[in-house]
Protein chains: 4
Amino acid sequence: MTTGKRYVVPGIPDHLFDRGEVPLSKQEIRCLTLSKLRLKEGQAVLDVGAGSGGLTCEMALLMPGGHIYAVERDRKAAELVRANCEKFGAHNVTVLEESASGALTGRELPRELDRIVVGGSGGELEQIIGRGFELLVPGGIMVINCILLETLQEALQLLEKSGFKEIGFIQASIARSREMGGKRALQPLNPVFIISATRPEPARSWDSSQNN
Amino acid sequence: MTTGKRYVVPGIPDHLFDRGEVPLSKQEIRCLTLSKLRLKEGQAVLDVGAGSGGLTCEMALLMPGGHIYAVERDRKAAELVRANCEKFGAHNVTVLEESASGALTGRELPRELDRIVVGGSGGELEQIIGRGFELLVPGGIMVINCILLETLQEALQLLEKSGFKEIGFIQASIARSREMGGKRALQPLNPVFIISATRPEPARSWDSSQNN
Amino acid sequence: MTTGKRYVVPGIPDHLFDRGEVPLSKQEIRCLTLSKLRLKEGQAVLDVGAGSGGLTCEMALLMPGGHIYAVERDRKAAELVRANCEKFGAHNVTVLEESASGALTGRELPRELDRIVVGGSGGELEQIIGRGFELLVPGGIMVINCILLETLQEALQLLEKSGFKEIGFIQASIARSREMGGKRALQPLNPVFIISATRPEPARSWDSSQNN
Amino acid sequence: MTTGKRYVVPGIPDHLFDRGEVPLSKQEIRCLTLSKLRLKEGQAVLDVGAGSGGLTCEMALLMPGGHIYAVERDRKAAELVRANCEKFGAHNVTVLEESASGALTGRELPRELDRIVVGGSGGELEQIIGRGFELLVPGGIMVINCILLETLQEALQLLEKSGFKEIGFIQASIARSREMGGKRALQPLNPVFIISATRPEPARSWDSSQNN
């Protein structure tokens with residue numbers, strides 16, 4: 001009997017989320033993003049640009065002993081985050097309805113974060129990465145999703161400059177099967193770049209490959 | 001402090017597995033596969049064609065209250081599955097060193113399975129899908145990974161014929177960043193088809209999309 | 001001075017074609033298709049399922065000494081083929097407004113064809129491939145575009161059964177840059193399978209790899 | 001009879017080129033590149049970073065009345081360009097065995113170029129784009145292939161700064177069929193970015209999209 005048991009993997013189907021006009025990261029992209037985030041039970045996670053709350057809900061449900069700080073400055077989107085958290089029963093979420101820079105320098109975040117995931121940077125990538133580095137614990141991971149080539153480039157440069165290590169990314173090109181007259185074609189999703197980087201642990205700073 | 005906490009998402013880096021010559025599904029493919037499998041705590045899962053044990057280990061660690069039956073007929077591969085389970089501390093795994101058809105009709109599997117994941121079919125796709133349907137609980141999910149176009153086609157036809165519903169697939173084309181002289185190119189992984197299908201619930205057809 | 005000189009490569013921009021509701025193969029797909037067709041000056045080419053006439057026009061302009069037989073059973077589409085040929089000044093085209101099977105057994109085709117390109121098969125793939133083999137000169141090439149997995153599979157099987165050799169295909173996944181607020185994202189086109197096969201030259205039948 | 005007729009489309013199979021250790025652009029990439037170059041009969045084309053001469057040979061054969069200036073500073077590669085031109089009977093080629101910046105400011109290029117194609121920039125992208133703009137006729141087209149994200153970004157910025165218009169790019173992700181035990185898998189080629197841009201025509205800005 002599996003009824004009532006909770007899921008142990010991400011992958012909530014897209015159509016289960018309330019959405020409106022607000023962007024929702026696709027199921028496959030959420031899964032890849034969270035796998036790169038290497039999320040552990042009990043962590044404090046900052047979710048910047050939460051959109052419809054897709055990643056927020058997935059993380060909150062997978063990590064009932066942790067806490068998600070979901071930053072979303074758009075009022076309608078922030079309401080969707082709350083609505084979707086309610087719908088899925090995710091109670092370990094604090095929605096911060098303000099800009100990323102406001103949240104990162106405000107008093108509502110804990111003094112240390114284990115993970116930061118950036119779904120949308122709202123033109124504040126420099127502050128997010130710079131201040132994010134300070135807030136992350138050593139060994140903490142930042143994952144940034146983007147579709148713009150310029151954002152990819154800028155993020156990679158800022159991550160290096162800020163002291164992050166193990167910087168890498170994937171380009172995820174997913175096509176879904178689509179039925180056409182009983183047969184199947186492929187429907188491509190928009191390709192997404194998923195960048196990941198780690199704040200190095202101080203004790204190891206002398207042994208890793210230095211990039212400057 | 002996050003030390004000692006367990007991961008709540010799949011995504012063990014490839015290089016942490018013992019491998020030898022045996023195929024290992026790539027990190028990104030494992031994540032997408034498990035997300036389509038919609039794995040829940042406490043489930044009984046059959047893993048057909050376990051290879052190096054990549055999926056086996058991920059599932060066992062994410063679902064400590066569940067059990068994985070890993071079928072792998074190749075002796076060297078079966079030993080790798082055991083070695084990797086040992087390495088990652090995955091104890092809720094039974095390795096069945098035999099063919100898929102042997103395992104599916106033998107006495108070591110439980111009478112009901114919640115999930116079946118097929119990483120390699122060894123030419124026995126028809127038996128795996130046909131017998132798998134019988135062993136799956138209503139609402140149970142089968143996920144099949146393949147790289148051959150012929151296997152994709154055959155699997156889709158067999159899944160339909162056997163009574164599965166919600167049959168679909170994705171093609172995952174992942175490219176990883178690769179450093180070249182301090183700059184970054186894209187290194188494509190082999191594209192993989194990830195098929196998913198559900199054994200329908202006879203009595204619950206009026207109540208779809210329940211999410212807890 | 002380059003004015004008035006003709007193009008020596010395919011690649012007419014999509015927006016220059018008259019289109020209506022009729023499908024038009026995308027610029028990049030037309031180029032890849034024609035490159036697999038290995039078109040030579042002066043050839044007789046059958047274009048099955050001409051759609052809006054994209055491939056027809058490209059071939060006619062690149063090969064002024066050759067001739068294109070464009071089969072299109074849909075009246076509106078056939079009119080578009082004619083309109084686009086007129087627009088681009090392609091006069092070496094005969095539009096056959098009938099089914100593929102009708103055209104292949106009718107009296108309007110020459111007794112020998114150098115190339116056959118199939119943009120749409122209208123459910124007549126078996127006849128197109130079977131009869132096409134007979135009409136092709138030894139060394140003649142057939143190229144088939146498809147987006148359905150089932151058509152890919154069926155075409156590959158029929159090509160083998162009919163005696164074609166050097167059967168292969170590519171999957172073309174093209175993404176175009178798209179401006180978003182002065183920055184650039186990627187817009188994926190639908191992935192297309194481009195199959196190519198050659199009618200073997202009799203003198204060589206004893207030396208190539210036989211597939212049955 | 002088609003024997004002896006010349007090809008009217010690009011697409012020389014990779015294995016027909018002499019190669020050594022020098023990079024050769026893949027058949028599909030050559031075709032897409034040339035289609036974006038919109039090559040016309042009789043043009044003067046600069047080919048920067050000719051590598052093994054893949055693009056050089058294709059262009060020379062498609063455009064017997066034109067001329068290719070193939071710049072390649074590596075001695076071994078330059079020899080391969082010559083060897084491949086010889087092999088394919090391409091005589092309308094001048095190989096410039098020097099750096100791009102040397103060739104662009106030297107006396108061997110004509111005073112006006114119709115097209116510039118960049119297969120490798122050797123760290124001289126700024127000079128190639130800046131000086132290339134000056135050498136191109138109004139309406140002339142530059143196409144740049146790259147695999148590095150940094151080069152893509154830099155090229156886009158330099159093209160805009162230099163006055164180019166109609167700047168765009170595609171990402172070409174091609175997978176080729178690969179036989180495995182009589183069945184077929186997909187083998188991905190490295191994804192390539194193909195950038196194109198036009199030197200605007202000062203007097204013709206009111207008359208765009210003329211096609212002959």
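All chains are named by letter (A, B, ...) in the order of the sequence lines, taking the proteins before the strands, and each is independently numbered beginning at 1. The analysis underlying the following values was restricted to heavy atoms, covering all of them including side chains, and did not include hydrogens, waters or symmetry mates. Predicted model, so just to flag it, every value in this text is computed and none were measured.
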Does atom [atom1] of [X] have more than 12 heavy-atom neighbours, drawn from other residues, nucleotides or ligands, at distances under 6.0 Å?
X: B:Gln187; atom1: CD; answer: yes
X: B:Glu126; atom1: CD; answer: no
X: D:Lys87; atom1: NZ; answer: yes

Let me confirm one number: the CE-OG1 distance from B:Met180 to D:Thr151, rounded to the nearest 0.5 Å.
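Interatomic distance, B:Met180 CE to D:Thr151 OG1, rounded to 0.5 Å: 9.5 Å.
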Write down the atom of D:Glu150, the atom of B:Arg184, and the distance for their closest heavy-atom approach.
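Looking at all heavy atoms of both residues, the closest pair is OE1-N, 2.8 Å.
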Going by side-chain contact (heavy atoms from CB on, under 4.5 Å), B:Leu186 matches just one of D:Ile147, D:Leu148, D:Leu149. Which one?
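Running side-chain contact (heavy atoms from CB on, under 4.5 Å) over D:Ile147, D:Leu148, D:Leu149 with B:Leu186 returns exactly one hit, D:Leu149.
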Residue part contacting chain D, namely of B:Gln171, when any heavy atom lies under 4.5 Å
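Side chain only.
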Below 4.5 Å from any heavy atom of chain D, which atoms of B:Leu189 appear? Answer side chain, backbone, both or neither.
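The answer is the backbone of B:Leu189.
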